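First the structure, in the form of structure tokens, and then the observations on it.
Just so it is clear, the model here is predicted, and its values are computed rather than measured.
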Amino acid sequence: ETGVTQTPRHLVMGMTNKKSLKCEQHLGHNAMYWYKQSAKKPLELMFVYSLEERVENNSVPSRFSPECPNSSHLFLHLHTLQPEDSALYLCASSPAPGAPHAGELFFGEGSRLTVL
Amino acid sequence: AQKITQTQPGMFVQEKEAVTLDCTYDTSDPSYGLFWYKQPSSGEMIFLIYQGSYDQQNATEGRYSLNFQKARKSANLVISASQLGDSAMYFCAMRAIMDSSYKLIFGSGTRLLVRP
């Protein structure tokens, strides 16, 4: 089984829809992340959870709502999105910070979101 | 503030030859880690290699090596004996180690195309 699994892989939604992205990690890591990857832009960190507590929130619009019910699962709830929110949303996990390789993130394959 | 710069939007290399992908960084943190990731067309970000700022030797992982020049603040990735499967986007990233920050900052990436 792959380390980090994201579903769905592809999602098309209208601006009035409500949908959720799901991420699951089987690596025993403490931290989970949501990144947004838009065309021709660096990866943007959206949220970080450590042991189910949100530790980073990078000025993300409220139409994106994360949820971390346990250390293995992470959700990104989407509602009233805009076309500019169309992007690849990548989930990742890592060990807790402090360890030398703590920045080594293990990524899922991403959820390609298109907002019409 | 931390910043990663990748000045090569695209690179070509002939199969079986070596290629260097450039990365420069800026940080005021005394201790940090540098990472390279590969992103094939499938979307998943794959960890390649890690270099700690206090490591005495340049990191190597199989065909990947990191040319770390601390004074110049550069961390170039060298891929030896290029293979067709190396065609992908390559991202340089950095994270401070000494604090509790979870932020892994990415560059804008370099698209590598290996020619047969």
| task | Treat each ILVMFWY residue as a node, draw an edge where side-chain heavy atoms are under 4.5 Å apart, and state whether B/Tyr64 and B/Leu34 are in one component. | result | yes

| Does a sphere of radius 6.0 Å around NZ in B/Lys70 hold more than 12 heavy atoms from other residues, nucleotides or ligands, not counting ones at 6.0 Å or beyond? | yes

| field | Region of B/Gln39 that comes under 4.5 Å of a non-hydrogen atom in chain A | value | side chain

| said: What I'd like to find out is whether the side chain of A/Leu105 reaches to under 4.5 Å of the side chain of B/Phe47, using heavy atoms alone. | reply: no

| request: Quick one: do B/Lys103 and A/Val48 satisfy side chain to side chain contact (heavy atoms under 4.5 Å, CB included)? Show the steps, please. | output: CA-CA 8 Å; B/Lys103 287 187 177 181; A/Val48 183; over 6 Å; no

| message | Quick one, A/Glu104 and B/Tyr50 - any side-chain contact, counting heavy atoms below 4.5 Å? | response | no

| Between B/Tyr37 and A/Phe107, ring centroids under 6.0 Å | yes

| task | Side-chain contact test, heavy atoms from C-beta onward, threshold under 4.5 Å: evaluate it for B/Phe106 versus A/Leu45 and give yes or no. | result | no

| query | How about B/Glu44 and A/Leu90: do any of their side-chain heavy atoms sit closer than 4.5 Å? | reply | no

| message | For the OH atom of A/Tyr35 and the CE atom of B/Met45, what is their distance to the nearest 0.5 Å? | response | 8.5 Å

| remark: Rounded to the nearest 0.5 Å, the OG atom of A/Ser94 sits from the CZ atom of B/Arg95 at a distance of 7.5 Å

| field | Contact winner vs chain A - B/Gly52, B/Ala93, B/Ser42, heavy-atom pairs under 4.5 Å | value | B/Ser42

| query | What about A/Val115 and A/Val60, same hydrophobic cluster or not, with Ile/Leu/Val/Met/Phe/Trp/Tyr joined at side-chain heavy-atom distances under 4.5 Å? | reply | yes

| query | Out of curiosity, does B/Tyr25 fall in the hydrophobic cluster containing B/Leu48 (side-chain heavy atoms, cut-off under 4.5 Å, transitive links)? | reply | yes

| In terms of hydrophobic clusters joined by side-chain contacts under 4.5 Å, are A/Leu21 and A/Phe75 together? | no

| query | Any chance CZ of B/Arg72 has more than 12 other-residue heavy atoms, nucleotides or ligands included, within less than 6.0 Å? | reply | no

| said: Quick one, A/Tyr33 with B/Leu104, criterion side chain to side chain contact (heavy atoms under 4.5 Å, CB included). Give me CA distance, side-chain angles, the key distance, then yes/no. | reply: CA-CA 10 Å; A/Tyr33 308 70; B/Leu104 186 64; 5.9 Å; no

| Can you tell which of A/Lys41, A/Gln6, A/Arg9, A/Gln37 has the highest number of heavy-atom pairs within less than 4.5 Å of chain B? | A/Gln37

| A/Glu53 CD: over 12 foreign heavy atoms closer than 6.0 Å | no

| request: Check whether A/Tyr89 and A/Phe106 end up in the same hydrophobic cluster, where Ile, Leu, Val, Met, Phe, Trp and Tyr are linked by side-chain heavy atoms less than 4.5 Å apart. | output: no

